[in-house]
Amino acid sequence: MAIRRCSAVVAAVVVAVAGCSPSDAPPAPPEPLRPAWQAVVLPTSSEAGRVLVRDATVCGGRWYAVGAVVDAAGRRVPAAWTTMDTSVWSPVRLVSSSVYGARHLLYAVACREARLVALGAASGGAHGNPRVASWLLHPDGVLRETAAGFELFGGPRAVSVSRVAVGPLGWLLVGARVTGAAVWSSPDGERFAVHEGLPELASDDRGRTVAYDAVAVPSGWLAVGAVLVPGAVPVAWSSPDGRVWRRVRLPGVEGPGQAQRVVTVGGAALAVGPVRDGFGAWEWGSAGWRWVGGFGAGGRGAGSVRALAASADGVVAVTIDADGHRLWWSEDGGGSWGPVALPVPVPSGETALVVALEPGRLMVFADAGGGLRAWWAHLSAGR
């Protein structure tokens, strides 16, 4: 009797296993895209040392990278580089106008046609707070720090100045003040005015707001960020002029989330940010915002989106969590994402991964903690 019972159990197991089809198994993770990376070298200026790149952009066929150079004694000077072909880079001449500007790390940049604006910061003062200033590329090819009053970006109401956006209306900086999300506008990229405490943009009884990024659209501006209630809620704002804003909560997210980067893709906009299980994407079009989908689930710890760039071929995103930096590629406007194999692993910590993209070509700047290395690769639809 015991033998029969055992046989029956074995038979049941065999039937159960035989009944499992391959479609019942969890899907295998997609194979990473493996571009043919080509190494490039960024020349240092007369202040030789470790090169830091913290943002990059491309417009009108010209590429720019911004950051700093740190010498052996730890002294830092702001730096920028440019190229037309991504292979041979040249340093841009910089001229600071303040004691802090001479020690800036340039951390955000945007360009349109021949105009370029960068943001730089250096710790200073009794409390070591960031001393932020904007930099403008002048027609003579010199990137100059723009002199401004201390309280334009700093002072007792300062919190953060995060990103630069440019469009037909001019230039927009986004960040936060003690009143919540705030913006700075300029018609020419040189003279900025701060707009803080604005209805819908600023904090209110719904929670404290912060803006992380912005992009120009035909109707004016879009900004993205979060309401920092317990767990955070992803939100976006729209404005025709940078002064009057309308806030919406982004759909499709159960649990905490934030919208941290936004770009235009065709006639739409795409926002990306961390959600409870990985990262999420939202699309803005004629009908407003809609949830596109998630990606990158399974990463350990809270993550963030460090970069987002788009071209006519697709979109690249840089994310970071406890497992390190990862690079993603989407050919369908953010509906689906696949991993891209990096030239070198870039862990989390005092590291950076920066990208810039134009149709058919991707630039990657990787600082894995031992110094900067840079590559370019062909990356286009169907690859």
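Worth knowing before you read on, the calculation uses all heavy atoms, side chains too, and leaves out hydrogens, waters and symmetry mates. For the single chain, residues carry numbers from 1 onward in sequence order. The shown structure was predicted, so the numbers you read here are calculated from the model rather than taken from an experiment.
Proximity of the aromatic rings of W282 and W289 is defined here by a centroid distance below 6.0 angstrom, and this criterion is not met.
Pairing each heavy atom of A79 with each of L106, the nearest pair is O-CD1, 3.6 Å. G189 and L136 get closest at one heavy-atom pair: O-CD1, 3.9 Å. Scanning both residues, W184 and G175, for their nearest heavy atoms gives CZ3-N, 3.8 Å. When all heavy atoms of P78 and G101 are compared, the closest pair comes out as CG-O, 3.4 Å.
When side chains are defined from C-beta on, W329 counts as touching L357, because their heavy atoms get closer than 4.5 Å. Contact check for R163 versus D55: side-chain heavy atoms found under the 4.5 Å cut-off. The shortest distance between side-chain heavy atoms of P35 and V340 falls below 4.5 Å. Annotation: side chain of V40 is in contact with side chain of W89 (closest heavy-atom distance under 4.5 Å).
Taking OG1 of T319 as the reference point, atom CG of L353 lies at 9.0 Å (rounded to 0.5 Å). In this structure, the separation between CG on L372 and CG on L42 is 6.5 Å, given to the nearest 0.5 Å.
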> Between L143 and V95, is a side chain to side chain contact (heavy atoms under 4.5 Å, CB included) present by the stated rule, with each step listed?
Replying inline: CA-CA 6 Å; L143 186 60; V95 175; over 6 Å; no
>> With side chain to side chain contact (heavy atoms under 4.5 Å, CB included) as the criterion, how do V174 and W237 come out once you've worked through the C-alpha distance, each side chain's angles and the decisive distance to 0.1 Å?
In response: CA-CA 11 Å; V174 298; W237 297 269; over 6 Å; no
> Could you go step by step and tell me if W135 and F192 meet the ring pair (Phe, Tyr, Trp, His ring centres under 6.0 Å) rule?
Replying inline: CA-CA 11 Å; W135 296 68; F192 281 93; over 10 Å; no
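No side-chain N or O of T146 forms a donor-acceptor pair with one of R144 less than 3.5 Å apart.
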For residues 58-70, which side-chain N or O atoms pair as donor and acceptor with protein atoms under 3.5 Å away, sequence neighbours left out?
residue : atom : partner : partner atom : Å
R62     : NH1  : T82     : OG1          : 2.9

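Using bins of under 30°, 30° to 60° and over 60° for the plane-to-plane angle, the ring pair W337/F295 lands in the parallel bin.
Salt-bridge annotation for D367 and R54: present, with a side-chain N of the basic residue lying under 4.0 Å from a carboxylate O of the acidic one.
Contacts classified as side chain to side chain donor-acceptor pair (under 3.5 Å) and involving residues 250-271 (residues at least two apart or in different chains) are given here: Y212-Q258.
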